[in-house]
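Chain A is the first sequence line, chain B the second, and so forth, proteins listed ahead of strands; every chain is numbered from 1.
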Protein chains: 2
Amino acid sequence: MKTADPELMRAINRFHVMDAIRRFGPIARVEISDRTELSATTVSAITGALLDDGLIITHQLGGIRDAARGRPRVLLDLNPDAAHVVGARLAPDHITIATTNFRADIRSSITLPVRVGRHGVSVVADLVEDGIRRSVADAGLELSQISGVCIGLPGVVERGAGICRASPLFGERDIPLAAELTRRLDGVAATLDSDVNLVTLAEHWFGQARGLDDFLVVSVEMGLGLGIMHKGELFRGANGLGPDLGDLLVKPPNGAGLVRLAEVASEESMLADARRALAASEHEQAFRLGRGMEKLLERAEAGDAAIVALLRAAGEALGFAIANLIVLFAPPKVILAGAALAAGEALVRPLRDTVSALLPPSLADVADIVVHEWGDEDWARGAAAMTLRDLYGAPWGTTGPAPHL
Amino acid sequence: MKTADPELMRAINRFHVMDAIRRFGPIARVEISDRTELSATTVSAITGALLDDGLIITHQLGGIRDAARGRPRVLLDLNPDAAHVVGARLAPDHITIATTNFRADIRSSITLPVRVGRHGVSVVADLVEDGIRRSVADAGLELSQISGVCIGLPGVVERGAGICRASPLFGERDIPLAAELTRRLDGVAATLDSDVNLVTLAEHWFGQARGLDDFLVVSVEMGLGLGIMHKGELFRGANGLGPDLGDLLVKPPNGAGLVRLAEVASEESMLADARRALAASEHEQAFRLGRGMEKLLERAEAGDAAIVALLRAAGEALGFAIANLIVLFAPPKVILAGAALAAGEALVRPLRDTVSALLPPSLADVADIVVHEWGDEDWARGAAAMTLRDLYGAPWGTTGPAPHL
DNA sequence: CACTTAAATAAATGATGCGGATTAAATCTG
DNA sequence: CAGATTTAATCCGCATCATTTATTTAAGTG
């Protein structure tokens, strides 16, 4: 915890006001005052400063003025053009980059179909750099107008240090990707985060967890990720590292031993198993990363027993892991996200069944398990949101820099 | 997050100063200034107020004045007599109650050999009330001089509400024990917490985790508990509920299915298994809760294969759970506590072996697993510490009341 | 034109922390 | 032994910030 001085006090209240404006759309000062429990004077002062700084704009007369007699409220909203940020997401078979404005509205986005794992780090950095420059240009902006860049990728990421400790995308470890990109982008601040953290923040801001301060996100992609929102803050492990759900150990349904969850329930392992199951058949070519999961679903719906069993095994393993996570965190909501969920009920139903079979009665009803499918842009938007969160100036997180406008 | 006002600012800095004094013993103002990064003036003002309030005392001239030329520092320390609190711990076969001063030094303690589970809640409340009154009297104090009481017990406890949601000690659920005791104790504020949270705080304050801001505590007692310290704060689940490690699901070594960890590795289950293994033998009587674990150890050392296997199974199940916890939290230290650890290496070695066998290489060395045996008094001291922590006035936790001196 | 609500503005208050100057209490030095 | 030096702690003045209370301006309704 930081030591308190007037500056911190101002930062905290400023953040509260910004957060209220972000969350409750166009909103009048009085309502900010009500919601934040700050005095009207303080809100007036802070909003005044924010208006001077150009971070917010007045949005005269929302329209519906029912039962209003006195002076009409003037609504405040984030100034979409106050800043622009770029979010990028590295997935196994593509890279998505989006440029957003200050409200996380996407202004331009671009998806590069690249098999990331096939290339070295420097090639990927090249691609990302070019993609960012392109996306920024597409949005009609200069790179110098970009306030920050956030890159999301699967694996274990130490955000504070900007280092990717380990990722299924790269053979290398401890890659200082943030520094590398900051250098390439003429000093525009680049940060790194685990992709699941991005989607967790995105759920909190735009998704199914709006207003929820405690929930879990389990992403089932090439790797398996876990995002933890606790008391409205993203929970990061001891060193700012996120947990890698793929390293969780589960009992495989066939009985013997223990395996890493990633070996049963990741997209990669499911497709590998599927290839094995259908070796030399006509479908082999289709089970590549990418649209492979849809192919799996097709076969499952067609009644292919091997595929159904495979998906059930994955679902049960995930269910086991999620049941244990519910025991540990008692979250009101668990959100499943990721391309692998495209496999649909064949995966999700065994998952749900396993969770409800395993949970003790006392926890049976605490967690609502929902599936949320995200488009590529949404992940990139999450990355942008992560940068915006810093820009809004949350004073308590370990997040560092203030906005440089 | 609360909105910031000068009062919060003062509370934060005051807490920092108090915490520095608590942690670094007799300490001079300059050193507080160094450690907290508060200005000397601020420290002076705050310590002045604390002196006026009688919360701290000057401890003139520590003794060793090496290489000192200028004005000697006057050392400050917590005023042991500034307040007194009572900590109590409910265990399956005894209740321990301790009265401590403001520095968590135990002034009197008492242990009642009671089979708690045999009695109803109201009987237990009677016993606790009487024990507290007795302990307070033994310490030469009046009940009115007690600033707070904290009761620790195994199970799922909702601290904020003062309700025990579920406990292996009681058949009932949702017991509003805190309110009940506050009533009985003439209004002295009683709080409730999970016993493992108490021992976690105690480790942080007095134990093996001094100075560590991230660690886990796994308590192996009648039930299984998990305490999580994250960034210097106790991590509580979504509703302020602590997790119940016993509900974690593990694969039993014999292979089939999944069982709750509590069914393999709790003291209760181990003793039950032992009884079964040695049914009708001369030792049956000894395997009762209480000193039963020592008896187990004896047999294990004597080479009793059934007992050794049983302890190994428990150790492996715990190891599995702990490996997964390390994956999730990456804590630098995991502390094992609890009476069941008296079983010694026969339990702990398989545990360690399992953890190192299961952890992925990247996490192999992050967590140091240590065993810490606690006396009854230490648990009660942890309960007292929990109350003191409130008294010191941590402004951010959901802890409520300020000290009423 | 009176009334109502929203918002800004102003002044007074009180709390805080900070920096620089000052006092306090020792040791060192000649 | 007296003054210089050093370090600790405090005092004084200053700036910041939020709060309260009033007052004013704005923009509507009836």
Side-chain angles (χ1 to χ4, degrees), chain A residues 1-17 20-21 26-52 56-77 393 395, chain B residues 1-17 20-21 26-52 56-76 393 395 402:
Chain A
M1 193 75 184
K2 290 176 50 174
T3 90
D5 53 18
E7 196 177 328
L8 176 70
M9 186 163 64
R10 185 176 102 263
I12 291 175
N13 287 339
R14 201 179 138 111
F15 177 80
H16 277 123
V17 170
I21 296 174
I27 183 177
R29 291 175 175 82
V30 258
E31 204 182 332
I32 297 175
S33 175
D34 285 349
R35 289 193 185 275
T36 61
E37 300 187 344
L38 259 35
S39 77
T41 308
T42 303
V43 171
S44 223
I46 291 175
T47 53
L50 292 175
L51 280 168
D52 285 348
I56 61 175
I57 50 174
T58 62
H59 190 282
Q60 203 69 250
L61 189 57
I64 330 158
R65 271 181 57 70
D66 51 342
R69 291 229 292 178
R71 171 175 175 175
R73 340 183 128 185
V74 359
L75 300 180
L76 303 173
D77 207 349
Chain B
M1 194 72 184
K2 289 176 51 177
T3 91
D5 53 17
E7 196 178 328
L8 176 70
M9 189 164 64
R10 186 175 104 263
I12 291 175
N13 287 339
R14 203 178 136 110
F15 177 80
H16 276 124
V17 171
I21 297 175
I27 183 178
R29 291 174 174 83
V30 256
E31 204 182 333
I32 298 175
S33 176
D34 284 349
R35 290 193 185 275
T36 61
E37 299 188 346
L38 261 34
S39 78
T41 308
T42 303
V43 172
S44 220
I46 293 175
T47 52
L50 292 175
L51 280 168
D52 285 348
I56 61 175
I57 51 174
T58 63
H59 191 282
Q60 203 68 252
L61 190 57
I64 329 158
R65 271 181 57 73
D66 50 341
R69 291 226 294 180
R71 173 175 175 175
R73 346 183 121 185
V74 0
L75 301 179
L76 303 172

What pairs with [X] under side-chain contact (heavy atoms from CB on, under 4.5 Å), at least two apart in sequence or on another chain?
X	answer
A:Ala28	A:Val30, A:Arg73, A:Leu75
B:Ser44	B:Arg29
B:Thr41	B:Ser39

Short N/O separations, protein against nucleotides 13-20 of chain D, under 3.5 angstrom:
| residue | atom | partner | partner atom | Å |
| --- | --- | --- | --- | --- |
| D:dC17 | OP1 | A:Arg10 | NH1 | 2.9 |
| D:dT19 | OP2 | A:Ser39 | OG | 3.1 |
| D:dT19 | OP2 | A:Thr42 | OG1 | 2.1 |

Tell me whether the OP1 or OP2 atom of C:dA8 has a side-chain N or O from A:Arg29 closer than 4.0 Å. yes

Find the distance [X]:[atom1] to [N]:[atom2] and express it as a whole number of Å.
X	N	atom1	atom2	answer
A:Leu75	D:dG28	CG	P	13 Å
B:Leu76	D:dA8	CG	C1'	12 Å
B:Ile12	C:dA15	CD1	P	18 Å
A:Leu8	C:dC18	CG	C1'	15 Å
B:Ile27	D:dA9	CD1	C1'	15 Å
B:Leu50	D:dA9	CG	C1'	16 Å

message = Would you say that B:Ile32 contacts B:Ile21 through its side chain, given a criterion of any heavy-atom pair below 4.5 Å between the two side chains?
response = yes

Residues at least two apart in sequence or cross-chain that pass salt bridge (charged side-chain N to carboxylate O under 4.0 Å, His left out) with B:Arg35, listed by chain then number, are B:Glu31

- List for me each residue that meets salt bridge (charged side-chain N to carboxylate O under 4.0 Å, His left out) alongside A:Asp77, sequence neighbours excluded, and say none if there are none.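 In terms of salt bridge (charged side-chain N to carboxylate O under 4.0 Å, His left out), with neighbours along the sequence ignored, A:Asp77 is linked to A:Arg103.
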
Ranking A:Ala28 and B:Ala40 by the position along DNA chain C of their nearest nucleotide, the one closer to 5' is A:Ala28

Task: Base D:dA8 to side chain B:Arg71, donor-acceptor N/O within 3.5 Å cut-off - done: yes

